[in-house]
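Report on one structure; see the data block that follows.
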Amino acid sequence: MHDDPVLQVAPDTLPTLSAWAQKIAPTPLQIALASAAKPSVLSLALGLPDPTLLPHVAISEAARRVALSNRSALQYSIPHLPLKEHIRTLLMEKGVECPLECIFLTQGAQQALNLLSVLLLNKRSLIVEEKFSYPGFQSLTSSFSPEVLTVSTSARDGIDVDALEILLSRSSRPPALIYVMPNAHNPLGVTMSIEKRIRLASLAREFKVPLIEDDPYGELFYDERIPPIRSIESQWVYYVGTFSKLLGPSLRVGWIVAPEKHVEALSVIKENCDLNIMTYPQCIVNEYLDTNDLTLHLAHLRSSYKERRAAMNCALSDHMPSGVKWHVPSGGIFFWIDLPDGLDATALLIKCLEEQNVAFLPSQAFSRGNAKSGMRLNFSHPTPDQLVDGVRRVGTVLNSLLQ
Ligand SMILES: Cc1ncc(COP(=O)(O)O)c(C=O)c1O
């Protein structure tokens with residue numbers, strides 16, 4: 001026992017959290033996801049790449065070479081310039097021309113979105129997103145308590161640009177940003193047509209609204225490849241890319257293409273987060289790109305995922321009851337399924353877990369809790385046999401419900 005005076009605090013008293021943090025609570029979705037993580041559950045829920053398709057050997061060799069030959073790889077240091085050169089080449093292949101000064105390296109696309117939200121948003125800013133959108137973006141922006149305007153998206157060719165134009169022209173104040181995923185939208189799987197990309201670019205310019213183009217699935221196209229919006233408009237578009245789905249998400253290497261004038265502000269925001277210390281994975285990815293044929297690797301990824309897309313499409317045709325609709329995605333790793341009106345996808349998920357040990361993500365996860373009748377199925381992580389079995393199990397529950 002020491003004699004120092006100790007402040008007496010009631011045992012249940014804890015620090016007061018920010019107003020936003022006080023509202024954080026486990027959602028039904030998180031509870032469902034926790035059950036989906038059980039080994040007995042066949043999961044079509046998460047957006048994971050197939051680990052057997054990631055280049056383990058080449059990455060481990062690159063990691064070893066970097067660690068042995070480059071002492072500053074473990075040091076605090078500035079972003080790795082040679083990697084930016086590689087990224088610029090990748091971008092040029094898609095039709096995006098930009099100087100190295102516009103490329104800003106991040107810890108994956110998620111951090112890129114986080115940094116951009118700090119760059120562009122104020123408390124209660126107005127943001128425009130699609131009715132179904134990426135939950136990681138919705139969650140990170142919620143700390144700004146934004147006013148959210150939503151625009152619907154056609155499963156055929158992407159966001160409704162006419163509705164967006166009306167929304168922008170009637171808005172009482174200018175939105176702080178528009179967030180879109182033109183390639184293989186998560187969760188809808190749809191790829192935006194070139195006509196809509198051109199309209200979007202001109203709307204961003206005309207209404208002077210920054211547009212975030214989030215593109216984690218741009219290399220996973222199975223039909224045609226369409227140039228990014230950033231290739232059409234450079235001043236109002238912030239393009240976000242990542243190696244997560246291509247080389248491995250745990251490398252945490254992504255980037256933003258931003259107007260050069262904003263890169264300095266981004267680097268201060270990033271320094272506040274992590275002091276720019278991701279040098280080692282940046283060097284590993286650079287070494288991998290120096291010594292391997294990325295084009296060959298991507299072709300292999302695309303052909304493997306394309307086969308799984310076909311397997312899932314067949315399984316859906318075989319097992320889904322009538323009234324259930326889907327489009328075959330032209331890229332990415334998800335099918336979006338429209339359920340008959342009135343069917344609650346979260347309730348369906350709970351039934352699927354209880355009765356068939358199979359998981360998917362329900363539409364509530366992508367619509368800030370609002371839309372009920374849709375589900376997202378992943379086809380990159382399960383094997384072809386598993387995904388056919390998973391669709392069969394979901395079909396069994398749906399058939400029994402809709403009888
Ligand atoms: C649309 C979208 N944006 C961003 C991310 C985050 O990617 P990263 O692993 O590079 O942070 C994901 C991950 O699945 C995603 O689907």
Side-chain angles (χ1 to χ4, degrees), residues 29 33 36 43-51 53-54 59 79 83 87 90-91 103-118 127-142 153 158-159 177-192 211-221 228-230 237-257 266 270 273-274 278 281-282 284-285 288 298 301 305 329-336 360-361 363 365-368 376-381:
L29 174 75
L33 279 179
S43 178
L44 307 175
L46 300 176
L48 311 181
D50 178 348
L53 295 176
L54 298 176
I59 289 285
L83 178 59
I87 291 170
L90 281 176
L91 288 164
I103 298 173
F104 183 80
L105 298 179
T106 63
Q107 289 192 39
Q110 187 65 25
Q111 187 186 53
L113 298 175
N114 232 314
L115 302 178
L116 287 173
S117 70
V118 176
I127 64 181
V128 179
E129 66 185 31
E130 291 162 272
K131 186 172 158 207
F132 291 104
S133 193
Y134 169 55
F137 173 78
Q138 295 171 327
S139 177
L140 74 91
T141 49
S142 68
T153 303
I159 190 168
L177 62 85
I178 302 170
Y179 171 72
V180 287
M181 290 159 276
N183 288 321
H185 184 285
N186 177 7
L188 300 177
V190 56
T191 289
M192 195 187 291
L211 185 135
I212 298 181
E213 176 176 31
D214 187 10
D215 194 20
Y217 306 104
E219 297 295 337
L220 300 179
F221 57 92
I229 304 174
R230 177 57 178 71
V237 176
Y238 295 77
Y239 176 91
V240 173
T242 175
F243 288 107
S244 284
K245 310 292 174 182
L246 312 180
L247 301 181
S250 82
L251 290 164
R252 309 310 301 144
V253 179
W255 65 93
I256 303 170
V257 181
L266 280 171
K270 185 165 188 306
C273 294
D274 60 13
M278 294 300 280
Q282 288 174 11
I284 294 170
V285 172
Y288 170 87
L298 294 181
L301 268 189
Y305 289 154
S330 55
I333 56 176
F334 304 115
F335 271 75
W336 179 256
F360 57 83
L361 280 196
S363 44
F366 307 99
S367 58
R368 297 192 189 252
R376 188 193 77 177
L377 304 182
N378 167 257
F379 61 88
S380 58
H381 190 249

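For the numbers below, each heavy atom of this structure counts, side chains included, while hydrogens, waters and symmetry mates do not. Atoms within each ligand, like the ligands themselves, are counted from 1 in listed order.
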Thr106 backbone acceptor or donor facing Gln111 side chain under 3.5 Å: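 A pair under 3.5 Å: no.
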
Donor-acceptor contact present, side-chain His185 to main-chain Val180, <3.5 Å: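 Checking the backbone N and O of Val180 against the side chain of His185, no donor-acceptor pair under 3.5 Å is found.
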
Can you find an N or O of [X] that's nearer than 3.5 Å to an N or O of ligand 1?
X      : value
Pro216 : no
Asp214 : yes
Arg252 : yes
Tyr134 : no

Are [X] and [Y] close enough that some pair of their side-chain heavy atoms sits under 4.5 Å apart?
X      : Y      : answer
Tyr238 : Leu177 : no
Val240 : Phe137 : no
His381 : Pro51  : yes

For [atom], what is the nearest protein heavy atom, given as residue, atom name and distance?
atom                    : result
atom 16 (O) of ligand 1 : Tyr217 OH, 2.7 Å
atom 9 (O) of ligand 1  : Ser244 OG, 2.8 Å
atom 13 (C) of ligand 1 : Lys245 NZ, 3.6 Å
atom 7 (O) of ligand 1  : Ala109 CB, 3.6 Å

Per-atom contacts, ligand 1 versus Gly108 - under 4.0 Å to a heavy atom: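 By the 4.0 Å cutoff, the relevant atoms are 10 (O), 11 (O).
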
Enumerated ligand 1 atoms positioned under 4.0 Å from heavy atoms of Thr242: 10 (O)

Tyr179 and Tyr134 aromatic ring geometry - parallel, tilted or perpendicular at 30°/60° bounds: tilted

Aromatic ring pairing Phe379/Phe335, orientation class (parallel under 30°, perpendicular over 60°, tilted between):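 Perpendicular.
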
Side chain, backbone, both or neither: the part of Met181 lying under 4.0 Å from ligand 1 by heavy atom: side chain

Lys245 with Glu219: basic N within carboxylate O range, under 4.0 Å: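 No salt bridge links Lys245 with Glu219.
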
